[in-house]
Structure formats: structure tokens, C-alpha cells
2 protein chains.
Amino acid sequence: MRKRGRPIEYDAQTALAAARDVFWATGFSASSLDALSEATGMNRPSLAGAFGDKEALYIATLEQYRDQGAAAMKETLSGARPLARELALLYASAIDLYLASKDAARGCLMIGTASVEAVSRPAVRNVLSQGLAEFNAIIEERLRKAVRDGEIGKDTDPAALAQIASAVLHSLAVRARAGDPRKSLERLARTAVGLICP
Amino acid sequence: MRKRGRPIEYDAQTALAAARDVFWATGFSASSLDALSEATGMNRPSLAGAFGDKEALYIATLEQYRDQGAAAMKETLSGARPLARELALLYASAIDLYLASKDAARGCLMIGTASVEAVSRPAVRNVLSQGLAEFNAIIEERLRKAVRDGEIGKDTDPAALAQIASAVLHSLAVRARAGDPRKSLERLARTAVGLICP
DNA sequence: AAATATATATGCGAAGCAGTACAAAATCAA
DNA sequence: TTGATTTTGTACTGCTTCGCATATATATTT
């Protein structure tokens, strides 16, 4: 039995992805509801009805991004391949994502745009914090397995090393948005893999 | 002989520092000229006359921040002390700076606020890019000296290792703004020093 | 078919914003 | 003292923004 009333014409996930692209390019504050409305194909009242105000919409895009990113990361770091290979794949796909735009490189949505708002908007800070923590935890879990399996030294501290691996990810995001060329990012990734998997 | 006309009542460097604090807390787009005017004690026409439009003012604050940061960094990495000690000092002062605010931690001005604007504002992207490159170059120079002096292995690549050391700095900036506690940042710094100076 | 429920479309109004024109004030030169 | 020069203060204009109020469209329920 369908819901009463006029059926919705938009798909929430699709609209969220379109809004995400706007935020990704111009950040939260510089993204107007008009621009978001045009990108999603939803007019402003529909946007408000579906997601609430601009901050709520932004947070929804961040959560979608975080969840998709975490899922992709778990797949890459599944443990099916050697650690060094999986880490290299992780960084390679991050670089691809960060440089994907046809215009200027957009880096990471969370690091590139949520960081600014995090200071004055606690809700954004929470999503950012949880996002970073989640990504870090996935890496740490993989490193823990690597220690168990003897891929890296038994005396290494997975939590500490995960912080380093995450730091490289953060740096890739920042550098990409600053306009660093792909070669430079790839070099950092290569060095990092070598350092983490000696 | 003094300049003709009514004397200036503001000090450009002081005003720039005040404007910087506003941008640091709320970012470029969310900082209104009214807020900047109030913080600097200069009214809007004076601001415009002294620095140009909002973007020009923002870039001036970024450049001031970058120059002061580079100077402090060169002093810390002077080479007067062992590499491990100087690196630890570098990270410690970065953490202090990133957590200095009484309100929510502000991280690094460039990474935290210029990253967002970098995509749509080439002038900002240039300052950010040059800033990151300059900080990286100072670290690289110190590592080069460390190789010469035998502080680290003769076979290490200073440029590659500098990218890693910079990445830790970037990560500290991001994590600080995301609300990471000091302990967590200090742990990352400790691990990084241990990894870079084995 | 009528009533009801939900979604979409248009448009209005209050507020905020950036940049600037113009007048007032303060100093120097003659 | 008078005029020139530069900074400061006020106020204005044109624009954007957000949120909401109202009207319209499309479905289900009775």
C-alpha cells in the first residue's frame, strides 16, 4: 500500500549526491540554497521538507560521504591481499577521488570543507570527528591483523601506526585541494607505504 | 618629514592580526566585513583603502601567517640541537598553536580555512600552495643537513621524508580543528618523531 | 465524487552583505 | 590663515540570501 498524497519525484540519495558536489566545490558557507536547489532539481521548499535547513542538508551529505567512504575502505583493506598492496590501493583510490573533478581538485569533502565549519558548528565538528575516527579505526583494524599475521613486526603499535597512515591520507586531501600535482601525491603515498611496511 | 594629510590611526600589522583571528575562527566566507571591521577597529572604507576587498584582506592575513610561521619554523629547525629534539619541538609548538584558542580549537589558518576557498579562488590556492611548499622546504632542508651530519641514514631521501613530516603537521592541523584532544595529537607527534628519526 | 494528505511551484519579505559615494575631520604646506 | 591632502565616519545602493506563506498538482481514502 503506497503512501497517501502526491508521490515524491526525487530520489533522496541522488539529491544528496548532487548537493554533496556543490558543497564539495564551494564549501558550506558559500553554497547557496538556490545553487543546491538547482543542482538537486528540488526546489527550496522540497529541500527543506526532505532534509531540514542548510546545515542539516550539509550534515546529511557528510554522513553519506563518510558511510560510502568507510564501506569502500573496508573493502580495500579486506585483508585478502598483502598489507603493502592494500595500503597502496587505499592511497591510490584516495588520490583518484581527490583529483576526480574536471575543474580544480576538490580533495576530501570532510577535510576540505567540514574543517572550516567545525569550529563554529558543533554538529559539523561531531560528524567530522567521527568520520576521521572511523577511517582511522578501519586502518587500525587492518594493521592489527597484519601484526597477528606477521606481516609487520610483532612489536609495532597498530594504533600509533594507524595514526601515521591516517595522517598521510589527511595530507593527500589537503595537498590535493591546494593544487599539488598527481605525481607529488603519488610520491607521498609510495613513501608512506614503504615506511609503514618495512 | 611626515606624510601630508590626516594621520593613520590604525597599525596595519595589528589590524591584520585581528582580522586573521576572525578568519581563523569562522573562515573566509562566513566572516563579514562588519565583523572584520569591528575586530580591527577600522571601519569598512578604511579597510578597503588599506587592504582592498575582502579577498585581498584575507590573502594578506594568510601571507602574514605564513611568513610568521616560516620564521618560527626556521628558528626551531635551526640545527642547533639534534634532529629528533627539533622535530619534537616543531610539533609541540604546532600543537600549542592549533589548540591556543579559548573556544573550540582552530587548527591551522591555512589548512583549516584556505583549503575551502582554494578550489574556487585561484589567488587563495596559490598562497596555500606556496605556504605548504615553504613549510615543507624548511623541513626538507633540515633533513638534508641531518643526512650530511649523519643524524639519519645516508640512504634516506630528504625530500620524501619531508613529505611525511609535513603530512604529520597537516594531520595535526586537521585533527585539532576536528576536536581531537591534546593527548591524541601528542601521541601522533611522538610516533612521527620516532618513525622519522629511527 | 468528495475529502484528505502529501509534494511541488511561485513568490514575497525581512535581513544581511559588499562595495562605494560623500561629507567631516585632521594634518601639512604655503 | 588658507588651501591641499589624506583618513575617517556615515549612509546609501544594489544585490543575495534565507525562510515562509500561499497556491497548485497528484495521489489515496471514504
Side-chain angles (χ1 to χ4, degrees), chain A residues 1-62 113 116-117 120-121 123-124, chain B residues 1-16 18-62 113-114 116-117 119-124:
Chain A
M1 181 158 73
R2 286 182 65 172
K3 207 171 53 173
R4 280 180 75 158
R6 180 171 174 172
I8 54 179
E9 297 180 3
Y10 58 85
D11 173 66
Q13 292 301 309
T14 307
L16 226 45
R20 182 201 58 201
D21 285 344
V22 175
F23 285 129
W24 208 339
T26 55
F28 172 80
S29 293
S31 298
S32 72
L33 282 182
D34 279 336
L36 292 163
S37 175
E38 185 180 345
T40 57
M42 300 167 64
N43 47 33
R44 294 224 303 282
S46 292
L47 271 179
F51 303 108
D53 66 3
K54 197 170 94 166
E55 180 172 320
L57 171 60
Y58 179 56
I59 287 179
T61 67
L62 288 178
T113 76
V116 214
E117 309 300 330
S120 55
R121 297 177 188 271
V124 174
Chain B
M1 180 158 77
R2 286 182 65 174
K3 206 171 55 175
R4 282 182 71 158
R6 180 168 174 173
I8 300 180
E9 296 181 5
Y10 58 84
D11 173 67
Q13 291 302 308
T14 306
L16 226 45
R20 181 200 58 199
D21 285 344
V22 176
F23 285 130
W24 209 340
T26 55
F28 172 80
S29 294
S31 298
S32 72
L33 281 183
D34 279 335
L36 293 163
S37 176
E38 184 180 346
T40 56
M42 300 167 63
N43 48 33
R44 294 227 302 281
S46 292
L47 272 179
F51 303 109
D53 66 2
K54 198 170 95 167
E55 181 172 319
L57 171 59
Y58 179 55
I59 287 178
T61 67
L62 288 178
T113 75
V116 214
E117 309 299 330
V119 171
S120 55
R121 297 177 188 273
V124 175

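Each chain gets a letter, A, B and so on, in the order its sequence line appears, and its residues count up from 1.
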Could you grab the distance from atom OG1 of A/Thr113 to atom CD of B/Glu117, nearest 0.5 Å is fine?
11.0 Å
Using nucleotides 2-5 of chain C, report all nitrogen or oxygen pairs with the protein that are shorter than 3.5 Å.
unit_1, atom_1, unit_2, atom_2, d
C/dT4, O2, A/Arg4, NH2, 2.9

Residue B/Glu9, side-chain heavy atoms: nucleotide from D/dT8, C/dT20, C/dT8 that is nearest:
D/dT8
Answer yes or no: is there a donor N or O on one side and an acceptor on the other, between the side chain of B/Tyr58 and the main chain of B/Ser29, under 3.5 Å?
no
Do B/Leu57 and B/Leu16 make a side-chain contact, defined as non-hydrogen atoms from C-beta onward lying under 4.5 Å apart?
yes
Do the non-hydrogen side-chain atoms of A/Arg121 and A/Ile59 ever get within less than 4.5 Å of each other?
no
Determine: side-chain N/O of B/Asn43 to OP1/OP2 of D/dG9, distance under 4.0 Å, yes or no.
yes
In whole Å, I'd like the distance from the CG atom of A/Leu47 to the P atom of C/dA9.
11 Å
For every nucleotide of nucleotides 13-18 of chain C, 5' to 3': is a protein heavy atom under 4.0 Å from its base (B), only from its sugar-phosphate (S), or from neither (-)?
----SB
So, do B/Met42 and B/Leu36 sit near enough that their side-chain heavy atoms are less than 4.5 Å apart?
no
Between P on D/dG19 and CD on A/Glu55, what's the gap in Å once rounded to a whole number?
10 Å
Regarding B/Asp34 and B/Ser37, is there a side-chain donor-to-acceptor distance under 3.5 Å anywhere?
no
Roughly, in whole Å, what's the span from CE in A/Met42 to P in C/dT6?
17 Å
Separation of D/dT17 P from A/Leu36 CG (nearest whole Å)
11 Å
Euclidean distance, atom CG of residue B/Leu57 to atom C1' of C/dG19 [Å, nearest integer]:
14 Å
Atom CD of B/Glu55: over 12 foreign heavy atoms under 6.0 Å
yes
Rounded interatomic separation in angstrom, taking OH from B/Tyr10 and C1' from D/dT6:
10 Å
Check the angle between the aromatic planes of B/Phe28 and B/Phe23 and answer parallel, tilted or perpendicular using the 30° and 60° thresholds.
parallel
OP1 or OP2 of C/dA7 sitting under 4.0 Å from any side-chain N/O of A/Ser46?
no
Check: B/Val119 and A/Trp24 side chains under 4.5 Å, non-hydrogen atoms
no
